[in-house]
Q: 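Can you keep this structure in mind? I'll have questions shortly.
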Protein chains: 2
Amino acid sequence: MNIIDESGILAISTRLQRLSEQLRKDGALFYKSYGIDFEPKWFPVIYTLHYKEVLSVVEIANEIGYTHPSTISLLKELEKQKLIRSKKDKIDERKRLIQLTTKGQELIEQMKPVWDVMKKALSDIADNQNNLLKAINEAENKIMHQSFLQRALQLKSEGEK
Amino acid sequence: MNIIDESGILAISTRLQRLSEQLRKDGALFYKSYGIDFEPKWFPVIYTLHYKEVLSVVEIANEIGYTHPSTISLLKELEKQKLIRSKKDKIDERKRLIQLTTKGQELIEQMKPVWDVMKKALSDIADNQNNLLKAINEAENKIMHQSFLQRALQLKSEGEK
DNA sequence: CAAAACTACGTAGTTAAATACATAAATAAA
DNA sequence: TTTATTTATGTATTTAACTACGTAGTTTTG
C-alpha cells in the first residue's frame with residue numbers, strides 16, 4: 001500500500017480518477033475483443049440517444065453531464081463514424097437535432113450482449129460490502145444538496161466561532 | 001434523473017470521472033478561500049514527500065499512480081513554486097532525488113488545518129449506507145486480483161461454451 | 001416593436017493526463 | 001570486458017476534457 005492510498009479521504013479525487021481510467025481502458029479493449037469499433041467515451045451519447053431518440057446538442061450535453069463544446073467534439077466523431085446524423089430544428093433555427101442513424105441503431109443491437117457481459121463483470125467488481133455505484137449515487141445526492149465547497153466553508157466558519 | 005444516471009453500472013467510469021472533477025474543483029476553491037496558492041493536483045506529490053522525504057522521479061510516479069512523464073511535469077510546476085528541490089543521486093547518476101524545500105514544509109504545516117476541514121467535509125459526503133472510500137478500496141482490490149478486462153473475457157468465454 | 005437579455009451552437013486556445021520515443025547510466029551475460 | 005538488457009529520466013506528440021469568447025436566433029421587456 002502506498003502513501004496516497006493510505007492518505008484516505010483526502011486523495012479521493014485522485015483515486016476516483018484512476019479507477020475511472022482503468023475501467024475505461026479495459027472497456028475499450030473488451031469492445032475490440034468482439035471486433036467492435038466503439039470507444040467507451042461514446043457510450044453516454046449513444047446510450048442517451050437510444051432512449052431519447054431526438055435531442056439538441058445542449059440537451060445531450062446536459063444529459064451526459066459534459067459541457068457543450070466537449071459534446072460537440074464527441075458528436076463530430078460520431079458523425080464521422082456515421083452513427084448519428086443531425087438536422088436543423090424547423091421551429092427553432094438555432095437548434096441542431098441529433099439522432100441515431102440506422103447504422104447506429106444496428107451497432108447498439110450488436111453491443112447489447114456485450115453490455116450484458118460488461119454489466120456482470122462490473123457488478124462483480126463494484127458490489128462488495130460497500131456497493132460502489134450506490135456509494136456514488138449517495139455521494140452525488142449529498143453534493144447536489146450541498147456541494148463539497150459549501151460544506152467545507154461552513155465547517156470553516158463554524159471553527160472560527 | 002437523466003438517462004446516464006439511470007443506465008447504472010455501464011456508465012460507472014463516466015460517473016467516477018465526473019465526481020472526481022467536482023471534488024477537485026471545489027478543493028481548489030477551498031484552498032483559495034484561505035488565500036493558499038495550492039492546486040489539488042499537487043497534493044499526491046506533496047503528501048507523499050511529506051512522508052517519504054526523499055524519492056526519485058519514478059518512485060514518486062509509482063507512489064502517486066501516474067506515469068513518469070506526467071509526474072515530471074508536476075515536479076516542474078512544484079519546482080517553479082519552490083516547494084520542492086532536486087539533486088542528483090551520487091550513487092546512481094541517472095536518478096534525480098526530490099525533496100520538499102523549507103517553503104514546501106511550511107506550506108504543509110499551513111495546509112494541515114485546511115486538510116482537517118476538508119477531511120470532515122469529504123467524510124460527510126462519502127460516508128453513507130455505502131462508504132465511497134471503502135467501496136473504492138474494495139473495487140481496487142478486486143481489480144488488482146483480476147482486472148475488469150480479464151473478468152469480462154472470462155464471462156464471454158463461459159457464455160460461448 | 002425596438003432594445004436588451006437570454007439561449008444554442010460553434011471555434012480557439014488551454015490543461016492535465018497519456019503514449020511513444022530517445023538517451024544515458026547501471027547491471028547482467030557471453 | 002565488451003555486448004546486451006534493463007532502468008531512470010526526459011521530450012514530443014496526442015487526447016479528452018475544460019474555459020473563454022463570438023455569433024446568430026429567440027424571448028422578454030420598456
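The structure displayed is predicted, hence computed values, not measured ones. What you see below is based on every heavy atom in this structure, not just the backbone, and it leaves out hydrogens, waters and symmetry mates. Throughout, protein chains are lettered first and strands after them, A, B, ... in sequence-line order, and every chain is numbered starting at 1.
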Q: Looking only at side-chain atoms of B:E39, point me to the closest of D:dT19, C:dG10, C:dA16.
A: C:dA16
Q: What's the closest nucleotide to the side chain of B:V57 if the choices are D:dG10, D:dC18, C:dT19?
A: D:dG10
Q: Side-chain N or O of A:R96 less than 4.0 angstrom from OP1 or OP2 on C:dG10?
A: yes
Q: To the nearest Å, how far apart are B:R18 CZ and D:dC18 P?
A: 10 Å
Q: Using the side-chain heavy atoms of B:K25, tell me which of these nucleotides is nearest: C:dA16, D:dT19, C:dG10.
A: D:dT19
Q: Picking from C:dA8, D:dG10, C:dA17, which would you name as closest to the side chain of A:V58?
A: C:dA8
Q: Check B:K103 with B:E106, please: is the shortest side-chain N to carboxylate O separation under 4.0 Å?
A: no
Q: Nearest whole Å is fine: how far is D:dT27 P from A:R94 CZ?
A: 6 Å
Q: In whole Å, what is the span from the CG atom of A:D89 to the C1' atom of D:dT27?
A: 15 Å
Q: How close or far is atom P of D:dA17 from atom NZ of A:K76, stated in whole angstroms?
A: 15 Å
Q: Quick one: is B:S70 getting a side-chain N or O under 4.0 Å of the C:dA18 phosphate, OP1 or OP2?
A: yes
Q: Heavy atoms only, 4.0 Å cut-off, all strands: where does B:I91 land among base, sugar-phosphate and nothing?
A: sugar-phosphate
Q: Mind checking whether B:Y51 and B:Y47 have parallel, tilted or perpendicular rings, split at 30° and 60°?
A: tilted
Q: May I ask you to evaluate whether B:Y66 reaches the phosphate of C:dA17, defined as a side-chain N or O under 4.0 Å from OP1 or OP2?
A: yes
Q: Could you give the CG-to-C1' distance, from A:L97 to C:dA8, as a whole number of Å?
A: 11 Å
Q: What is the distance from atom CD1 of B:I46 to atom NZ of B:K41, rounded to the nearest 0.5 Å?
A: 12.5 Å
Q: Given atom CG of A:D92 and atom P of D:dT27, what is their separation to the nearest angstrom?
A: 6 Å
Q: If you assign A:K95 and B:E77 each to the DNA chain C nucleotide with the nearest heavy atom, which residue ends up on the more 5' nucleotide?
A: A:K95
Q: Nearest to the A:E93 side chain among C:dG10, D:dG25, C:dA17, which nucleotide is it?
A: D:dG25
Q: Heavy atoms only, 4.0 Å cut-off, all strands: where does B:E59 land among base, sugar-phosphate and nothing?
A: nothing
Q: Please determine whether a side-chain nitrogen or oxygen atom of B:S56 lies at a distance below 4.0 Å from atom OP1 or OP2 of D:dA8.
A: no
Q: Please pick, from C:dG10, C:dA17, C:dA20, the nucleotide with the shortest atom-to-atom distance to any side-chain atom of A:I72.
A: C:dG10
Q: What's the spacing between B:I98 CD1 and B:R85 CZ if we round to 0.5 Å?
A: 10.5 Å
Q: Among C:dA20, D:dA17, C:dA16, find the nucleotide with the atom closest to the side chain of B:P69.
A: C:dA20
Q: Indicate the ring-plane relationship of B:F148 and A:F30, choosing parallel, tilted or perpendicular according to the 30° and 60° boundaries.
A: tilted
Q: Is A:K88 near enough to D:dA24 that one of its side-chain N or O atoms lies under 4.0 angstrom from OP1 or OP2?
A: no
Q: How about A:R24 and B:S13: does a side-chain donor come under 3.5 Å of a side-chain acceptor?
A: no
Q: Of the nucleotides C:dA8, D:dT19, C:dA17, which has the atom closest to the A:T67 side chain?
A: D:dT19
